[in-house]
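Note sheet for the following structure.
Note that the coordinates shown come from a computational prediction; the quantities given were computed from them, not determined experimentally. To find a chain, count down the sequence lines: A is the first, B the second, and so on, and within it residues start at 1.
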Amino acid sequence: MLQLKVIREDKQRIINGLRKRNWTAQQVKIIDDILKKDDERRANQKELDDTLAEQNRLAKQIGALMGQGKKEEAETLKIQVAELKTLTKTLEERTGSIQQQLDNMLYSVPNCPHKSVPKGKTPEENKVAKDWKKPFPALPEDALPHWELAKKYNLFDFELGVKLTGSGFPVYRGKGARLQRALIQFFLDEAVKAGYEEILPPLLVNEESARATGQLPDKEAQMYKCDEDNLYLIPTAEVPVTNIVRGDIIPIKDLPVTMTAYTPCFRREAGAWGAHVRGLNRVHQFDKVELVRVEHPDNSYKALEGMVRHVEKLMNKLELPFRILLLCGGDMGFNSAKTYDFEVWSGAQKRWLEVSSVSCFETFQSNRMKLRFRDAEGKIELAHTLNGSALALARIVAALLENNQTPEGITIPKVLHRYTGFKMI
RNA sequence: GGAGAGAUGGCAGAGUUGGUUUAAUGUACCUGAUUCGAAAUCAGGCGUACCUUCGCGGGUACCGGGGGUUCGAAUCCCUCUCUCUCCGCCA
């Protein structure tokens with residue numbers, strides 16, 4: 001949620017930002033509506049506060065009169081208060097509904113893109129921030145896609161997943177399962193080495209948490225919900241991990257807060273099935289190691305680049321061909337101010353697969369969840385939040401299997417040997 | 001799942017026969033005095049949000065969440081959530 005203060009003071013920049021997200025001149029008018037609604041809110045607030053103040057004053061007088069035994073006079077004042085109460089009730093209801101309307105408007109406005117974010121409407125207009133310069137791995141014409149390799153080497157089984165749960169829930173087995181665990185362990189170790197605190201969070205969160213990171217209200221359909229207990233299965237570790245600091249005021253000396261977590265991620269992906277979603281390309285449950293940072297506003301973009309370098313290092317260690325995209329305004333997520341996507345080259349499918357998304361949210365999340373820090377002078381300010389996948393497993397596995405297939409078997413990158421215990425599948 | 005107790009400011013902890021309590025007090029923290037410096041001591045300060053003011057300041061709300069009674073609620077009533085103790089079940 002954008003800050004009202006920023007909209008008020010920096011309106012043109014916000015409007016320009018929304019235009020970069022391809023908002024029409026018509027849509028952008030909501031900014032003016034928001035400001036108008038806020039004026040309305042403030043006027044009402046003032047009136048309400050003044051009325052309550054008067055009421056409090058009279059109540060105190062009544063107390064004093066009662067103490068002195070002047071019952072008659074007290075009764076007169078009571079009548080006055082009764083009138084004020086009617087007015088208060090009206091004002092309270094109106095202020096509440098104005099606030100609700102204002103919040104709804106604010107919820108509907110996406111984050112303002114950073115000035116370095118390119119214009120554009122579609123994924124095709126994303127800027128390649130770093131391309132793959134070397135040749136792709138040489139595979140024979142009859143190279144197998146990962147779902148065929150999985151069958152050949154008995155690594156994971158989709159049909160079995162259907163029997164247990166439904167489509168999109170693969171069952172990993174044998175070396176396939178071991179490879180998953182190896183990757184998780186490797187990613188976590190690298191994150192801890194980079195200074196992130198390891199977190200093992202709950203996989204279900206309450207409504208408040210889902211709201212704070214912005215999954216609610218707009219991404220509700222993406223999450224699995226346990227109605228009985230009113231809990232949601234997490235679509236990413238970002239939700240529980242970022243909520244660890246929800247509502248906190250962090251002393252400046254404790255910044256940045258850096259956390260990492262491995263969790264399975266559950267996504268309904270309703271209506272998202274089509275031609276390009278075979279195998280591990282899109283599943284309902286996948287594993288991911290996530291990085292979360294809370295940063296001082298002056299340092300957040302430096303931190304973003306640092307996270308990108310961290311992911312880059314992982315890709316290099318896994319010896320996978322990849323490229324980095326700087327997302328254009330139109331392709332960026334609702335909450336993000338700037339996002340880099342990592343794509344891995346899937347040799348047999350001959351296409352790029354998204355494996356990581358690293359974003360800076362500025363104060364968009366922290367405003368909603370009231371995540372702040374106290375600076376050296378004691379002043380309180382909203383912190384910046386960032387997160388990124390480092391990395392998402394399923395598609396990494398897909399690329400790894402496809403790119404590394406040889407007539408003798410599938411080779412495992414050297415860096416994983418100590419985790420897998422085998423060098424070849 | 002059953003029975004009981006409880007939830008107050010960073011922490012501890014009063015207040016629960018409704019009314020100068022504007023939430024006492026301790027502790028932590030900050031500033032100053034004292035000191036060569038420190039400890040100890042003394043003095044002052046010390047929540048969050050919103051509104052208002054050029055500023056000093058002023059106002060409103062918040063004692064787990066929500067609702068109610070009342071001129072007035074931390075205090076009374078309803079409801080939800082959570083915590084603790086005991087019992088049951090259990091990885």
Side-chain angles (χ1 to χ4, degrees), chain A residues 1-9 34-107 200-212 216 225-232 240 243-255 257 363 365-383:
Chain A
M1 180 166 58
L2 287 173
Q3 297 176 76
L4 260 174
K5 198 179 74 178
V6 172
I7 297 178
R8 214 182 293 136
E9 289 166 4
I34 285 171
L35 290 176
K36 238 181 271 166
K37 190 56 77 178
D38 186 44
D39 288 339
E40 199 182 336
R41 184 197 117 254
R42 285 199 275 180
N44 258 272
Q45 175 89 54
K46 177 98 178 75
E47 204 181 342
L48 175 62
D49 283 359
D50 288 349
T51 311
L52 284 170
E54 177 67 3
Q55 229 170 279
N56 286 342
R57 200 178 60 79
L58 290 175
K60 231 171 244 176
Q61 262 185 42
I62 292 171
L65 288 171
M66 298 287 260
Q68 295 163 25
K70 298 178 178 170
K71 260 197 139 171
E72 297 280 311
E73 290 177 44
E75 286 304 321
T76 322
L77 288 183
K78 278 193 193 181
I79 295 168
Q80 277 188 47
V81 175
E83 281 169 19
L84 285 178
K85 273 189 90 170
T86 323
L87 178 59
T88 304
K89 190 138 193 173
T90 316
L91 286 171
E92 260 171 358
E93 274 163 16
R94 200 190 302 161
T95 308
S97 102
I98 290 170
Q99 185 69 55
Q100 187 69 52
Q101 290 167 32
L102 184 57
D103 284 346
N104 287 343
M105 283 194 237
L106 283 170
Y107 282 145
L200 188 70
L203 306 183
L204 288 106
V205 292
N206 58 29
E207 208 180 315
E208 210 179 336
S209 294
R211 193 168 295 281
L216 292 176
K225 188 179 183 197
C226 307
D227 272 318
E228 190 81 5
D229 301 289
N230 204 26
L231 296 173
Y232 296 87
N243 269 283
I244 287 174
V245 288
R246 180 178 78 214
D248 285 2
I249 299 174
I250 298 166
I252 193 164
K253 66 176 167 57
D254 293 343
L255 289 182
V257 177
T363 61
Q365 281 184 328
S366 58
N367 187 36
R368 194 182 283 207
M369 69 169 80
K370 296 287 167 273
L371 166 57
R372 294 159 293 175
F373 69 95
R374 192 188 298 274
D375 70 15
E377 282 87 55
K379 230 179 73 203
I380 289 168
E381 224 182 299
L382 289 172

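- The side-chain hydrogen bond (donor to acceptor under 3.5 Å, both in side chains) search around D227(A) returns none, not counting sequence neighbours.
- For RNA chain B, if you chain together Watson-Crick or G-U pairs that step i with j, i+1 with j-1 and so on, the runs of at least three with distances under 3.5 Å are B:1-7 with B:81-87, B:10-12 with B:25-27, B:29-33 with B:41-45, B:47-52 with B:57-62, B:64-68 with B:76-80.
- Here T95(A) pairs with N44(A), L48(A) under the side chain to side chain contact (heavy atoms under 4.5 Å, CB included) rule; sequence neighbours left out.
- The side-chain hydrogen bond (donor to acceptor under 3.5 Å, both in side chains) test applied to E54(A) returns R57(A), not counting sequence neighbours.
- Take D38(A) and apply the side-chain hydrogen bond (donor to acceptor under 3.5 Å, both in side chains) test, not counting sequence neighbours, and it matches R8(A), R41(A).
- A search for side-chain hydrogen bond (donor to acceptor under 3.5 Å, both in side chains) contacts involving K36(A) returns nothing, not counting sequence neighbours.
- For A212(A), the side chain to side chain contact (heavy atoms under 4.5 Å, CB included) test picks out N243(A), R246(A), M369(A), with sequence neighbours left out.
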Protein-proximity profile, nucleotides 59-74 of chain B, B/S/- by nucleotide at the 4.0 Å heavy-atom cutoff, equals BSS--------BBS--
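- Not a single salt bridge (charged side-chain N to carboxylate O under 4.0 Å, His left out) links K60(A) to another residue, sequence neighbours left out.
- D49(A) pairs by the side chain to side chain contact (heavy atoms under 4.5 Å, CB included) definition with Q45(A), not counting sequence neighbours.
- A salt bridge does not link E92(A) to K89(A): none of the charged side-chain nitrogens sits closer than 4.0 Å to a carboxylate oxygen.
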Collect all protein-nucleotide pairs involving nucleotides 76-81 of chain B in which both atoms are nitrogen or oxygen and the distance is under 3.5 Å.
none

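- For Y232(A), there are no ring pair (Phe, Tyr, Trp, His ring centres under 6.0 Å) partners two or more places apart in sequence or in a different chain.
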